[in-house]
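Structure record follows, encoded as structure tokens.
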Amino acid sequence: MKKRLALFPVTTRVVTGPDGQQLSIGESDLTELAGRYGTPLYLYDASTVEAALAAYLKELAAAYPGQSGLTYAGKAFLCLAVAQWTRRHGLWLDCTGMGELAVAAAGSVPRSHILLHGVNKSAHLLEAAASQAGTIVVDNLAEVERLVYLSGQNNGQAPDLWLRFRPGQAVDTHSHVQTGQEDSKFGLSWDEAMAAAAMCRAHDLPLSGLHFHLGSQFRDPAPLVPALARTLDLAETIQMEEGWTLCPGGGLAVSYHEDTLPHPDISAYVRLVAEHVVAGCEQRNLSLPCLRLEPGRSLIARAGVSLYRIGEVKHTGTRRWLLLDGGLADNPRFALYQARYSALPVKEPFRPPSDPATLAGAYCESGDVLIEHLPMPAVEPGELVAVPVSGAYQLSMASNYNGATRPAVLWLEDGVASLIQVRETTLDLLRRDRPLPGKTRRRNSVFFFKYHGSGNDYIVVNRADWGREPRQEEIRRLCDRHFGFGADGLLVDHSEPGRRYAVRIFNPDGSEAEKSGNGLLIFSRYLWDLGHVGLNPFPIETIGGEVEARMYPGGRRAAIMMGQFSFDSRAIPVQGPQGEVIGETMTVLGEELTYGAVSLGNPHCVILREQVSAADSRRLGPLIEKDPRFPNRTNVQFMAVLDRDHIQIEIWERGAGYTLASGSSSCAAVSVANRMGLCNQAVTVHMPGGVIEVIIGDDRTATLSGSITKVWSGSISDEVFEGVITGQP
Ligand SMILES: *Cc1c(COP(=O)(O)O)cnc(C)c1O
């Protein structure tokens with residue numbers, strides 16, 4: 001039993017207190033932590049991860065004369081705190097998929113240190129990675145094609161590309177975690193790698209590295225030697241350039257059971273790789289690559305410990321069952337590949353063993369076992385059991401099977417236990433759920449998103465979630481800044497994803513707006529965040545007609561074609577003889593004002609001023625709005641031209657009054673200023689509420705572009721609408 005201690009984190013001690021002997025990790029009292037945070041509970045010991053990291057870095061520095069570094073394979077276990085930890089140590093972070101990219105970004109891992117892996121990366125993912133990752137590892141030829149296409153679209157930074165090569169080499173491990181053999185789904189064959197390299201070169205894609213990964217949980221690194229040789233052959237054949245990177249993946253095993261101790265030697269593994277890379281390059285006259293290792297498990301597995309409480313001890317024909325309060329849902333590794341674990345009771349861990357025990361979980365699967373036939377002392381219900389080597393591929397593969405809520409996670413460092421992931425709650429389980437349409441009453445389940453764009457904020461909800469059109473009073477309540485939400489309007493998503501995108505735009509008073517430039521910018525960003533649109537332009541239907549929208553790389557900026565404008569007095573409409581109304585004058589409150597009129601589907605009157613102010617807008621706006629020469633009334637903009645590229649405006653909106661920012665008002669002002677020869681075709685518009693770019697096309701179209709910030713998302717409580725008198729919408 002004592003031997004099992006070597007499976008645990010390096011800070012594990014057996015301390016003697018008033019209640020006898022007890023396991024302690026990272027100077028923390030496990031009984032106390034389990035009492036406070038509940039079980040199952042996961043602990044990560046910082047000293048243990050750091051010891052493994054130091055072993056890697058020390059041996060790399062000693063054995064490899066070229067540049068070298070480490071990439072942490074995030075799929076072993078990733079959360080905000082772990083991303084921050086990789087950043088603290090200057091590690092690169094290997095991400096798979098949008099979710100892990102988002103965690104890396106949340107942890108402020110620099111873009112240059114983020115690397116994207118994955119087997120079938122969608123165009124949308126590759127596009128996102130183009131702005132979020134410094135390196136993309138290409139798995140197949142279709143991905144190269146997508147990248148070629150995107151490079152034509154993309155004017156941002158292009159990530160470095162590495163090719164994932166399948167060297168046709170098996171390692172000795174469970175077949176479910178072999179990845180480098182010839183019939184593996186991962187990576188490019190020799191011929192495919194050649195073709196990929198040729199495509200990269202033909203299209204100027206920055207091919208700078210080669211990667212392979214033989215598999216995970218191998219103890220014997222010998223198969224790396226032929227795989228390295230084959231990969232160096234490839235590097236020679238495709239003529240990798242000076243400064244290239246070689247990544248032979250990760251995969252070194254850890255010991256999960258005392259029978260397989262000691263843990264595989266990190267130094268010996270690193271030395272083997274380093275020596276063969278140096279010798280292989282010398283033989284082939286290749287320039288020495290930057291050598292990047294990519295461990296996951298061997299860095300973090302031993303740092304993790306899972307704590308369970310025994311609920312019952314059951315005896316059946318041949319077995320003593322210890323029934324735990326976790327299992328398959330937080331650790332599927334026994335079920336997936338018969339991983340063989342060990343464990344110790346937290347109290348009096350070294351009591352003499354009694355009959356072998358089978359530690360099983362709380363879930364409805366006979367395969368829900370954690371450990372079979374483990375020598376264990378006689379233990380009682382209510383006791384805590386600690387399972388070592390729980391740090392990798394457990395929580396990252398955890399599920400909500402049987403409605404299980406995923407455990408809390410603590411980070412133990414410098415004698416302090418910090419909560420880095422809270423336990424899931426049943427509310428989290430219901431978070432994604434929506435009621436059946438129609439007959440079910442709407443309850444606690446309308447999800448909303450809130451965005452800010454150039455001075456306006458909008459709430460976005462989905463029509464299907466709501467069950468019907470939101471009513472005017474409900475919109476007022478949602479937009480009421482004294483009530484908790486607050487917004488300049490509500491966007492109701494009427495899209496059928498993949499087929500058409502449509503939105504209805506409501507003002508804060510519940511009335512419907514035809515088109516709002518800012519609202520449409522925000523709606524575009526929302527579609528991007530949901531993964532519905534990419535970098536290609538897409539149409540959005542509004543009740544004021546269809547507009548074309550597009551996103552910029554990274555998704556933080558959008559552009560909306562606001563459509564054609566017209567200076568024709570009948571189209572606006574303006575009373576008087578037919579023609580353009582540009583540079584005319586009117587007298588209001590004894591002041592002579594120069595103005596131009598334009599229609600963007602609705603009337604605008606742009607007043608030219610030396611300087612603009614909110615006071616002017618409030619004083620003159622209402623009078624101009626109702627001036628008899630505008631039979632349908634008009635929106636009013638007060639405009640000061642700062643220079644040929646910048647104007648400043650104050651806005652009085654028809655029906656809505658003084659407004660801090662408006663996209664269509666910006667377009668109206670720029671179209672008039674441009675018509676009067678006062679500014680260029682691309683102009684930055686400064687408003688009290690924000691800044692927006694307007695581009696005037698030769699065909700009298702206006703395009704609006706601005707950046708959008710995601711502010712918040714969550715679900716709207718039904719209580720928000722209590723007491724709302726609901727008439728017809
Ligand atoms: C999983 C994986 C790793 C890490 O494997 P470990 O066994 O956790 O060290 C490294 N590289 C790639 C490409 C992987 O898929």
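Whatever order the structure lists them in is the order used to number ligands and atoms, beginning at 1.
Between Tyr256 and Tyr341, the two ring planes are perpendicular [angle over 60°; tilted spans 30° to 60°].
Under the side-chain hydrogen bond (donor to acceptor under 3.5 Å, both in side chains) criterion, Thr71 pairs with Arg292, sequence neighbours left out. In terms of the ring pair (Phe, Tyr, Trp, His ring centres under 6.0 Å) criterion, His373 has no residue partners (sequence neighbours excluded). Here Phe334 pairs with Val369, Glu372 under the side chain to side chain contact (heavy atoms under 4.5 Å, CB included) rule; sequence neighbours left out.
Salt bridge annotation for Arg284-Asp233: present, with a cationic side-chain nitrogen under 4.0 angstrom from a carboxylate oxygen. Salt bridge annotation for Glu413-Arg88: present, with a cationic side-chain nitrogen under 4.0 angstrom from a carboxylate oxygen.
Enumerated by chain and number, the residues approaching ligand 1 to less than 4.0 Å through a heavy atom are Ala73, Lys75, His117, Arg164, His211, His213, Ser216, Gly250, Gly251, Glu294, Pro295, Gly296, Arg297, Tyr393.
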